[in-house]
Q: 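Okay, handing you the structure first.
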Amino acid sequence: MEALRAAHLHDEFRALVLPGGEAHRILDKDAVVRLEKADAGHGGRPEIDRGDLRGLLLGSLPGDTVRWGAKVTGARPRGDGRHEVTLAGGSAFTTDLLVGADGAWSRIRPLLSDATPDYTGVSFVEADLLEADLRHPVTAEVVGGGMLFALGAGRGFLAHREGDGSLHVYAAVEADENWLDGIDFGDTDAAKATVLEQFGGWDKSLRALIADADGVLVPRRIHALPVGHRWERTPGVTLLGDAAHLMSPFAGEGANLAMLDGAELGLALAVHHDDTEAALTAYEARLFPRSEAAAAESARSGALLFRADAPQGLVDVFAAHG
Ligand SMILES: Cc1cc2nc3c(=O)[nH]c(=O)nc-3n(C[C@H](O)[C@H](O)[C@H](O)COP(=O)(O)OP(=O)(O)OC[C@H]3O[C@@H](n4cnc5c(N)ncnc54)[C@H](O)[C@@H]3O)c2cc1C
């Protein structure tokens with residue numbers, strides 16, 4: 001395993017499905033505030049930075065539980081629910097129960113399903129502005145205390161104030177799958193200029209979210225498995241998290257679901273401690289409808305964010321929820 005994909009886990013997109021949670025602000029491309037809500041403060045959606053959570057979870061395990069640097073290259077059934085898992089370097093081991101928790105491009109998923117992630121049509125470029133109040137006060141003011149959505153037709157900025165006082169930014173663009181390949185991310189100034197071409201005519205305070213970013217820009221294509229992805233019960237193997245239900249981030253549920261999946265799988269195995277297949281059947285019976293609902297929500301949210309009349313779609317969602 002390598003380090004988690006990003007050092008940030010915050011419910012940055014949660015506001016889409018739960019208006020009234022974290023403070024959020026919706027702007028149009030001219031930086032006109034179209035809707036603003038303060039933190040509802042009901043405590044129902046607590047947030048934690050990804051690195052902190054990762055430390056918390058890893059710290060609760062005996063030191064030798066995680067085998068670092070072990071890259072799985074494939075797995076094959078051996079019969080009776082056992083699987084042989086091979087690692088880069090050629091070594092292999094056999095499992096009684098194999099849980100594929102290996103993310104979007106899971107090496108375990110092919111044991112259960114032919115599905116592969118499809119590009120959603122949206123690409124992100126990720127950026128950070130450090131010590132925002134001190135070093136980027138104007139931009140910090142634009143983003144505000146929580147989540148910012150600055151949206152226009154086919155593009156937008158999604159930005160979030162982190163616990164450490166930095167701003168975490170995604171420039172989102174509806175683009176061909178190969179758009180990011182044409183950007184030289186090794187040359188940050190050139191990359192910024194190319195990304196900002198997509199935001200010509202946008203207010204300077206919004207363009208600054210990329211123009212003034214600290215450090216490198218990071219490209220991220222957004223992929224998703226088919227909504228309703230599921231598989232037939234197959235002895236000795238199951239999936240959780242993105243391996244099971246990769247979805248676009250617009251419902252803000254991916255990491256939450258991965259953790260819930262893990263907890264429920266653990267509980268099912270504890271309840272059915274003498275019958276692994278019964279445990280996996282019980283786990284998957286809850287997993288499939290739950291992830292289908294979230295994936296559908298995410299796809300719906302993605303469709304309205306960058307509509308031709310953006311940000312009206314998102315404003316309407318919030319207005320409908322009071
Ligand atoms: C831009 C963006 C923004 C997001 N924002 C949010 C948000 O606000 N809220 C939210 O809840 N979710 C969000 N998500 C989704 C969230 O990041 C994922 O749903 C979550 O990380 C899934 O967790 P996971 O453990 O299933 O997979 P991952 O986090 O991908 O972890 C998989 C692990 O498996 C390891 N691995 C992969 N392949 C192998 C292999 N062959 N051998 C060994 N190990 C392997 C990886 O190194 C990694 O450690 C966002 C995603 C993106 C792309």
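Counting starts at 1 for both ligands and their atoms, in listed order.
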Q: Taking atom types as modelled and ignoring hydrogens, do the side chains of S166 and E131 form a donor-acceptor contact shorter than 3.5 angstrom?
A: no

Q: Please state whether the rings of F199 and W202 are parallel, tilted or perpendicular, taking 30° and 60° as the class boundaries.
A: perpendicular

Q: Is there a heavy atom in R50 that sits closer than 4.0 Å to ligand 1?
A: yes

Q: Should Y170 be counted as touching ligand 1, given the test is an N or O pair under 3.5 Å?
A: no

Q: Please check whether I222 reaches ligand 1 - meaning an N/O of the residue sits under 3.5 Å from an N/O of the ligand, judged on distance alone.
A: no

Q: Establish whether L112 and V227 are linked, either directly or via other cluster members, by ILVMFWY side-chain heavy-atom contacts under 4.5 Å.
A: no

Q: Is it the side chain (CB and beyond), the backbone, both or neither of A101 that lies under 4.0 Å from ligand 1, heavy atoms counted?
A: backbone

Q: Show me which atoms of ligand 1 lie under 4.0 Å from any heavy atom of G103.
A: 27 (O), 30 (O), 32 (C)

Q: For A244, state whether at least one heavy atom is located under 4.0 Å from any atom of ligand 1.
A: no

Q: Salt bridge (charged side-chain N to carboxylate O under 4.0 Å, His left out), that's the test. Do E292 and R230 meet it? Break it down for me.
A: CA-CA 9 Å; E292 179 169 359; R230 58 188 64 207; 2.9 Å; yes

Q: Answer with side chain, backbone, both or neither: which part of E126 has a heavy atom less than 4.0 angstrom from an atom of ligand 1?
A: neither

Q: Would F157 and F149 count as a close aromatic pair, with their ring centres under 6.0 Å?
A: no

Q: If the cut-off is 4.0 Å to any non-hydrogen atom of A258, which atoms of ligand 1 fall inside it?
A: 23 (O), 26 (O)

Q: Report the part of W105 in contact with ligand 1, treating N, CA, C, O as backbone and CB onward as side chain, heavy atoms under 4.0 Å; options are side chain, backbone, both, neither.
A: neither

Q: Which heavy atom in L148 sits nearest to a heavy atom in V142, and how many Å separate them?
A: CD1-O, 3.8 Å

Q: Just to be sure I read this right, does ligand 1 sit under 4.0 Å from the backbone of A70, its side chain, both, or neither, counting only heavy atoms?
A: backbone

Q: Ring centroid separation for F318 and H24, is it under 6.0 angstrom?
A: yes

Q: Please tell me if the side chains of T94 and H83 come closer than 4.5 Å, counting only heavy atoms from C-beta onward.
A: no

Q: Run the salt-bridge test on D212 and R135 with the 4.0 Å N-O cut-off and return the result as yes or no.
A: no

Q: Given R221, which partner from the list N178, D181, T120 fulfils the side chain to side chain donor-acceptor pair (under 3.5 Å) test?
A: D181

Q: Any N/O of G252 closer than 3.5 Å to an N/O of ligand 1?
A: yes

Q: Give the numbers and elements of all ligand 1 atoms closer than 4.0 Å to a heavy atom of F124.
A: 1 (C)

Q: Pick whichever of I108, L246, D242, D102 has a heavy atom sitting closest to atom 37 (C) of ligand 1.
A: D102

Q: Hey, which atoms in ligand 1 end up nearer than 4.0 Å to a heavy atom of R107?
A: 41 (N)

Q: Can you sort out which atoms of ligand 1 are near G241, meaning under 4.0 Å from one of its heavy atoms?
A: 26 (O)

Q: How does A255 reach ligand 1, by side chain, by backbone, by both or by neither, if only non-hydrogen atoms under 4.0 Å count?
A: both

